[in-house]
Amino acid sequence: MSEHTTRNYITETCFVKEFLVKGTDTEYSYHKDPTSRIMKVLEGEGWCIKFKNREAKQIRPGSVIHISKQVIHKLIKGTSKLKVQVLEL
């Protein structure tokens, strides 16, 4: 985890993660997660999620995104801090 993100666990499989706008674009590179997860956006403006070989989709407070395990994806930095609640399945 970078110095521009924080993760606070609510339960063993549920946590709140914050991404600061200060992070460099390279910190938001393509990656895969070891588990499937559901991500709900709590705060943030101008952010997008991009799955490899698909168009980027804008996310905003209230957006819910399912990310299957081992699927390549990345965040595209917005204009304000992004705060999400993540449930690992």
Side-chain angles (χ1 to χ4, degrees):
M1 197 162 10
S2 96
E3 65 184 80
H4 301 293
T5 62
T6 61
R7 184 182 293 198
N8 296 305
Y9 276 86
I10 299 167
T11 68
E12 196 172 304
T13 59
C14 183
F15 57 90
V16 173
K17 188 169 183 179
E18 294 184 7
F19 300 85
L20 301 180
V21 178
K22 294 178 184 178
T24 63
D25 289 339
T26 57
E27 289 185 85
Y28 303 106
S29 59
Y30 280 110
H31 66 281
K32 297 185 246 181
D33 296 314
T35 61
S36 292
R37 49 186 57 189
I38 295 173
M39 181 174 81
K40 181 177 181 180
V41 179
L42 304 174
E43 298 175 19
E45 297 298 326
W47 289 80
C48 293
I49 188 163
K50 182 165 183 351
F51 292 92
K52 190 135 185 163
N53 300 320
R54 292 196 184 165
E55 288 189 36
K57 288 181 121 177
Q58 187 170 27
I59 57 175
R60 56 183 55 91
S63 296
V64 177
I65 303 102
H66 179 266
I67 303 169
S68 296
K69 73 177 182 176
Q70 302 301 319
V71 170
I72 299 170
H73 64 283
K74 71 176 182 175
L75 288 171
I76 299 172
K77 190 168 49 170
T79 56
S80 66
K81 171 182 77 175
L82 176 67
K83 185 175 184 179
V84 296
Q85 183 175 352
V86 179
L87 176 62
E88 295 177 322
L89 305 175

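The environment of NZ in Lys74 is crowded: more than 12 heavy-atom neighbours from other residues, nucleotides or ligands sit within 6.0 Å. Heavy-atom neighbours of Gln70 CD from other residues, nucleotides or ligands within 6.0 Å: above the threshold of 12.
Hydrophobic clustering keeps Leu42 apart from Trp47 (ILVMFWY residues linked when any side-chain heavy atoms are closer than 4.5 Å, directly or through intermediates). No continuous path of ILVMFWY side-chain contacts below 4.5 Å connects Val86 to Leu89, so the two sit in separate hydrophobic clusters. Phe51 is connected to Leu75 through a chain of hydrophobic side-chain contacts under 4.5 Å among Ile, Leu, Val, Met, Phe, Trp and Tyr, so both are in one cluster. Cluster membership check: Ile67 shares its hydrophobic cluster with Leu82, using side-chain heavy-atom separations under 4.5 Å among Ile, Leu, Val, Met, Phe, Trp and Tyr. Residues Val21 and Ile76 are members of separate hydrophobic clusters, defined by side-chain heavy-atom contacts under 4.5 angstrom among Ile, Leu, Val, Met, Phe, Trp and Tyr.
Residue Glu18 holds its CD atom at 6.5 Å from CD of Glu43, rounded to the nearest 0.5 Å. Atom NZ of Lys17 and atom OH of Tyr9 lie 8.5 Å apart (nearest 0.5 Å). Within the model, atoms CD1 of Ile10 and CG of Asn8 stand 8.5 Å from one another, a figure rounded to the nearest 0.5 Å. Rounding to the nearest 0.5 angstrom, the gap separating the CZ atom in Arg37 from the OG atom in Ser68 is 11.5 Å. Put simply, CG on Leu87 and NZ on Lys40 are 12.0 Å apart, with the number rounded to the nearest 0.5 Å.
Side chain of Thr79 to main chain of Glu45: a donor-acceptor pair is present (N/O by atom type, distance under 3.5 Å, no hydrogens or angles). Side chain of Ser36 to main chain of Lys69: a donor-acceptor pair is present (N/O by atom type, distance under 3.5 Å, no hydrogens or angles). Although no hydrogens or angles enter the test, the distance criterion places a donor-acceptor pair under 3.5 Å between the side chain of Thr11 and the main chain of Cys14.
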The test is side chain to side chain contact (heavy atoms under 4.5 Å, CB included); show your working for Val64 and Met39 and say whether it passes.
CA-CA 6 Å; Val64 177; Met39 181 174 81; over 6 Å; no

Between Val16 and Lys83, does the side chain to side chain contact (heavy atoms under 4.5 Å, CB included) criterion hold? Intermediate values first, please.
CA-CA 7 Å; Val16 173; Lys83 185 175 184 179; 3.6 Å; yes

Please lay out, stage by stage, how Tyr30 and Lys50 fare under the test side chain to side chain contact (heavy atoms under 4.5 Å, CB included).
CA-CA 9 Å; Tyr30 280 110; Lys50 182 165 183 351; 3.4 Å; yes

From CA spacing to verdict: side chain to side chain contact (heavy atoms under 4.5 Å, CB included), Ile65, Ile59
CA-CA 9 Å; Ile65 303 102; Ile59 57 175; 3.7 Å; yes

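Every residue two or more places apart in sequence or in another chain that forms a ring pair (Phe, Tyr, Trp, His ring centres under 6.0 Å) with His31 is listed here: His73. Annotation: ring pair (Phe, Tyr, Trp, His ring centres under 6.0 Å) contacts of Phe19 (sequence neighbours excluded): none.
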